[in-house]
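All chains are named by letter (A, B, ...) in the order of the sequence lines, taking the proteins before the strands, and each is independently numbered beginning at 1. Note that this is a predicted model, so its numbers are computed, not measured.
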There are 2 protein chains.
Amino acid sequence: MPKVGMEPVRRKALVDATLRAVGDHGSLTVTMSEIARHAGVSPALAHHYFGSKEQLVIETIRSLLRQLRADAVAALREATTPRERLSAVIRVNFQAHQFAPETVAAWLAFYSEAQRSESVRRLLVVYARRLNSSLLSSLKQLCPAENAAQIADGAAAMIDGLYLRQGLRSAPVSIESSIALTESYVDAQLAAVAGAALPDAGRRAPVTEKR
Amino acid sequence: MPKVGMEPVRRKALVDATLRAVGDHGSLTVTMSEIARHAGVSPALAHHYFGSKEQLVIETIRSLLRQLRADAVAALREATTPRERLSAVIRVNFQAHQFAPETVAAWLAFYSEAQRSESVRRLLVVYARRLNSSLLSSLKQLCPAENAAQIADGAAAMIDGLYLRQGLRSAPVSIESSIALTESYVDAQLAAVAGAALPDAGRRAPVTEKR
DNA sequence: TATTTTTAATTGATCGATCAATCAATAAAA
DNA sequence: TTTTATTGATTGATCGATCAATTAAAAATA
């Protein structure tokens with residue numbers, strides 16, 4: 001029963017359905033039929049609009065990334081100091097809808113897919129780089145560049161690791177604890193750097209250069 | 001050409017082949033035929049000895065876990081102080097063969113599979129718990145228990161995260177840097193705890209309790 | 001020792017199921 | 001009448017799994 005102008009509606013529905021299906025299935029082995037069912041259309045229509053399953057998956061990741069960026073922009077708008085911006089970047093990654101089990105499961109599936117699909121890998125690299133550079137730009141205003149780079153790597157790894165463990169649902173570290181853990185890491189590292197720069201501070205600060 | 005006593009030989013060959021195949025394929029979508037080819041036998045033989053693909057995969061994960069534990073035991077034997085034991089635990093996880101791209105890719109695939117297979121999930125939970133408790137037992141001798149738990153969570157997450165990023169092969173953090181990053185995290189956290197316990201130390205130590 | 005029987009190892013052939021993808025057909029809006 | 005939206009039916013390929021058949025070693029029997 002063709003109503004004109006359905007294309008954008010269907011595309012969005014299919015992308016959303018893919019995220020949901022991949023999310024609660026936990027892998028890309030979901031069938032096009034299942035995705036289509038979630039979206040309330042026939043499998044053939046999914047192919048009509050996206051050409052292939054791989055393309056649909058790619059669009060889904062793109063959409064996740066767009067969402068993440070939009071959230072980041074919004075969060076950063078309210079932050080004024082570098083330290084606040086840092087916290088904003090951390091917080092965004094643990095926002096409820098990003099940290100929801102299905103979303104995490106979907107990310108995991110995408111990471112695995114990245115091993116086979118170069119396009120998927122490229123997209124995830126974009127995400128990884130963006131996270132690093134968001135952290136880095138704030139950190140560089142809080143400590144020397146070389147320390148900043150190291151702290152950014154550590155924080156990014158910790159964030160990704162907390163995701164991974166969230167995906168396993170074994171020892172569920174809550175959203176708040178995840179944020180606290182990451183914040184605490186950043187705080188301690190910054191303190192260590194500051195301590196090393198001010199050796200008169202009474203006590204030896206922990207070293208960070210172990211390279 | 002039946003030679004008696006082949007079973008253990010074939011089982012090992014098939015398990016090794018599975019790890020390799022899953023590793024460079026990057027996912028569990030490898031076919032039994034491919035695994036069997038890696039092992040130099042027919043697909044039918046793989047079914048003969050393991051019954052199903054799922055069972056073969058499970059045995060493969062078990063084997064990975066065994067290896068990891070053996071490495072850990074060996075590394076711990078040479079450590080005497082709590083701090084040395086802590087370093088040993090960290091180091092083991094970044095050993096060359098554990099941190100090799102194919103191994104990391106295999107781990108990733110298993111994590112993804114854990115979303116669907118309860119048995120796989122259970123095994124990975126065992127790994128996660130073991131990592132946590134190894135870290136924890138050393139940490140508890142270096143700081144109060146509540147701080148220890150937090151630091152263990154953070155370190156475990158960071159280790160897993162470094163694996164994840166290694167899997168992406170985007171901004172490759174080297175083995176040495178990965179170890180250094182994790183060590184630095186532990187050092188700084190312990191220093192922060194110590195600093196908070198000795199408030200006369202001239203400068204306020206960074207807070208860790210953000211819960 | 002010689003012969004037969006049992007057991008272990010191994011595979012080729014094949015079945016059945018699943019699934020992505022295609023396509024021709026239909027229905028209604030423009 | 002052309003275009004857009006939509007689907008049911010179908011195809012072709014892939015893959016896990018099964019099974020009967022084969023080979024040779026080991027064990028039992030004569």
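Taking atom NE2 of H47(A) as the reference point, atom P of dA9(D) lies 18 Å away to the nearest angstrom. As a whole-Å value, the separation of Y49(B) OH from dT11(C) C1' is 12 Å. Here the C1' atom of nucleotide dT22(C) and the CE atom of M32(A) are 12 Å apart, to the nearest Å. Atom NE2 of H48(B) and atom P of dA17(D) are 15 Å apart (whole Å). Per the geometry, CG belonging to L14(B) stands 13 Å off C1' belonging to dA9(C), to the nearest Å. One atom, CZ of F50(B), and another, C1' of dT18(D), lie 18 Å apart when rounded to the nearest Å. Computed from coordinates, the E7(A) CD to dT4(D) C1' distance equals 10 Å when rounded to whole Å. Separating the CZ atom of R37(B) from the P atom of dT11(C) is a distance of 14 Å, rounded to the nearest angstrom.
Between the CD1 atom of I90(A) and the CE atom of M158(A) there is a distance of 10.0 Å, given to the nearest 0.5 Å.
In this structure, K12(B) pairs ionically with D16(B), as a charged nitrogen and a carboxylate oxygen lie closer than 4.0 Å. Ion pairing between E183(A) and R83(A) holds under the 4.0 Å rule for side-chain N and carboxylate O. A salt bridge links R62(B) and E59(B); the closest N-O separation between the charged side-chain nitrogens and carboxylate oxygens is under 4.0 Å. A salt bridge between E118(B) and R121(B) is present, with a side-chain N of the basic residue lying under 4.0 Å from a carboxylate O of the acidic one.
Closest to the side chain of A44(B), out of dG12(C), dG16(D), dA5(D), is dG12(C). Considering only the side chain of V4(A), dA29(C) comes nearest among dT7(D), dT6(D), dA29(C). Taking only side-chain atoms of L45(B), from C-beta outward, the nucleotide of dC19(C), dT11(C), dA29(C) with the closest atom is dT11(C). Of the listed nucleotides (dT7(D), dA9(C), dA21(C)), dA9(C) has the atom at the smallest distance from the side chain of M6(B). Nearest to the side-chain atoms of V41(B) among the listed nucleotides dT11(C), dA21(C), dG16(D) stands dT11(C).
In this structure, V9(B) reaches neither bases nor backbone, as no heavy-atom distance under 4.0 Å exists between it and the strands shown. Residue contacts shown for T31(A) are limited to sugar-phosphate atoms, with no base heavy atom under 4.0 Å away.
A sub-4.0 Å separation between OP1 or OP2 of dA8(C) and a side-chain N or O of R10(B) is absent.
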